[in-house]
Amino acid sequence: MESSALVYVILTVVTVFLAFYVQSFVVCRENSTIGIRAEGNPEKDAQPYCGMTRARARSYVAEFAIFCLLTGVSACRIAVGNDYWVYRFNFRLIAQERHVSSEFGFNYIVKWMQQLFGYDNYLPIFALFSILTVWFFVRALHGQAVDYAFSLFLLMTGGYYFNSLNTVRYYLALAIAFYSMQYVLRREYGKFILWVLFGSIFHKSILLVIPAYIVMHVLSRVKLRKWHYAVGGLFILSLFFCQNIYREIVFYFYPYYRDSGFDTGNISWANVAKCAATLALCIICYKRSIKDNETNRFYFYLNLAALVVYPCGSFIPEISRVGYYMMGAQIFLIPAVLKDLPSGWFKKLCYAGVISAFTAYFVLLLRGMYATDIRLLPYLNWIFN
């Protein structure tokens with residue numbers, strides 16, 4: 001690796017260090033004993049309230065610093081990503097009102113930005129989408145992480161942030177999907193659907209999460225019966241015997257995927273291994289962390305769904321994009337499971353194992369960033385290059 005890879009390593013180390021100063025806002029909401037009652041209505045339930053303290057102020061400053069660092073590295077890049085110049089070419093086509101395959105929301109914003117900053121001034125456009133993507137990632141952690149630093153570590157080393165420097169539209173949609181999970185958990189399905197619809201104007205694949213997240217949340221709230229297992233088994237069988245139907249559905253929305261470089265049928269064994277290892281950890285800790293915890297069960301079922309989709313749905317072009325919507329729950333699930341373990345050697349061993357595994361994955365990820373179909377390294381930015 002050459003020196004620019006240190007930018008990504010240092011960014012990961014610094015942001016995770018700052019994250020240790022960020023308090024868990026989830027814990028604050030759930031455990032606060034301070035209540036406010038409506039005046040004149042003593043029967044109204046008290047609402048949790050977390051007052052501003054010096055520690056909480058420091059927490060907000062640290063979180064804002066994390067946002068600025070992540071946004072800065074992403075927004076200031078130039079010629080980073082195998083599709084960077086493809087996007088620039090599409091920006092030109094959009095300005096000329098010619099046909100492009102991207103969604104209307106993305107096209108509208110690109111056209112609006114070019115009206116503000118001038119034709120072919122592509123740097124502000126990339127910067128805007130970087131700001132939006134990082135904002136949704138950070139807000140997802142803010143709303144759901146029970147261990148902010150650990151969740152951020154998994155977000156970084158798992159590649160979600162760094163891959164967002166590539167495939168701009170999809171990773172903005174993915175960040176919105178992560179953010180929308182909290183509304184499913186609160187049973188605010190209307191808000192959830194609205195956020196997903198908003199994300200679909202940038203990448204319509206996010207629409208898959210509406211049935212996926214709602215089904216997994218319903219399963220997390222009920223006691224599973226035989227017919228649930230039967231339906232699940234039929235779905236898995238359909239992935240083997242109804243492949244042509246699924247492919248035609250995909251090609252209806254993405255006709256240019258047919259027989260393209262995306263239509264390879266390859267299985268991401270690395271993602272299968274991550275889902276399987278997470279499942280093993282959850283099984284070990286099931287009674288303590290998952291059995292009676294609706295939130296963790298929701299994340300658990302999403303991870304289980306990803307484990308099914310990756311090997312059984314390899315016939316779907318770009319199956320990793322489908323799987324990421326579900327596998328991404330690991331950044332919330334793993335810290336929550338480990339946090340509930342009793343103090344002792346086993347908890348330390350589990351933490352060490354997860355940190356070692358994701359660090360090793362991060363190293364392999366960095367090594368692969370030089371590939372021509374990824375090209376996230378070497379890192380260049382318009383300030384120094």
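Hydrogens, waters and symmetry mates play no part in the numbers below; they use all other heavy atoms, side chains included.
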Would one find more than 12 heavy atoms of other residues, nucleotides or ligands at under 6.0 Å from atom CG of Leu234?
-> yes

Could you state the interatomic distance from OH (Tyr170) to CD1 (Ile206), rounded to the nearest 0.5 Å?
-> 9.5 Å

What about the rings of Tyr160 and Phe178, do their centers lie closer together than 6.0 Å?
-> yes

Please check if any side-chain donor atom of Gln182 sits under 3.5 Å from a side-chain acceptor atom of Arg186, or the reverse.
-> yes

May I have all residue pairs that pass side-chain hydrogen bond (donor to acceptor under 3.5 Å, both in side chains) and include part of residues 346-355, sequence neighbours excluded?
-> none

With sequence neighbours excluded, tell me which residues meet ring-ring contact (aromatic ring centres under 6.0 Å, His included) with Phe198.
-> Trp195, Phe202

Could you pull out the closest heavy-atom pair between Lys339 and Val146, with the gap in Å?
-> CE-O, 3.7 Å

Output all residues satisfying side chain to side chain donor-acceptor pair (under 3.5 Å) with Ser151, sequence neighbours left out; order by chain, then residue number.
-> none

Return yes when atom CZ of Arg221 has more than 12 non-hydrogen atoms of other residues, nucleotides or ligands closer than 6.0 Å, and no otherwise.
-> yes

Only one of Asp83, Leu174, Leu172 forms a side chain to side chain contact (heavy atoms under 4.5 Å, CB included) with Thr167, so which one is it?
-> Asp83

Those residues that, when tested against Gln115, pass side chain to side chain donor-acceptor pair (under 3.5 Å) (two or more places apart) = none

Here the gap from Leu18 atom CG to Tyr21 atom OH, rounded to the nearest 0.5 Å, amounts to 8.5 Å

Mind telling me whether Phe91 and Phe106 have parallel, tilted or perpendicular rings, with 30° and 60° as the class edges?
-> tilted

Note: Val209 and Phe192 closest approach over all heavy atoms is O-CZ, 3.5 Å

Mind checking whether Tyr8 and Phe362 have ring centres under 6.0 Å apart?
-> no

Parallel, tilted or perpendicular: which describes the rings of Tyr179 and Tyr183, with under 30° parallel and over 60° perpendicular?
-> perpendicular

Residues Trp85, Tyr122; criterion ring pair (Phe, Tyr, Trp, His ring centres under 6.0 Å); working and verdict = CA-CA 10 Å; Trp85 298 118; Tyr122 53 91; 5.7 Å; yes

How about Glu103 and Tyr108: does a side-chain donor come under 3.5 Å of a side-chain acceptor?
-> no

Partners of Asn163 by side chain to side chain donor-acceptor pair (under 3.5 Å), sequence neighbours excluded?
-> none

Do Ser205 and Tyr325 touch side chain to side chain, with heavy atoms closer than 4.5 Å?
-> yes

Do Lys287 and Asp292 sit within salt-bridge range, that is, some charged N less than 4.0 Å from a carboxylate O?
-> no

List for me each residue that meets ring-ring contact (aromatic ring centres under 6.0 Å, His included) alongside Tyr171, sequence neighbours excluded, and say none if there are none.
-> none

Between Arg187 and Glu294, does at least one N-O distance fall below 4.0 Å, as a salt bridge requires?
-> yes

Can you name the one residue among Val354, Ile334, Leu304, Leu307 that meets side chain to side chain contact (heavy atoms under 4.5 Å, CB included) with Thr278?
-> Ile334

Please check if any side-chain donor atom of Ser289 sits under 3.5 Å from a side-chain acceptor atom of Asn296, or the reverse.
-> no

Does any donor atom in the side chain of Ser74 or Arg77 lie under 3.5 Å from an acceptor atom in the other side chain?
-> yes

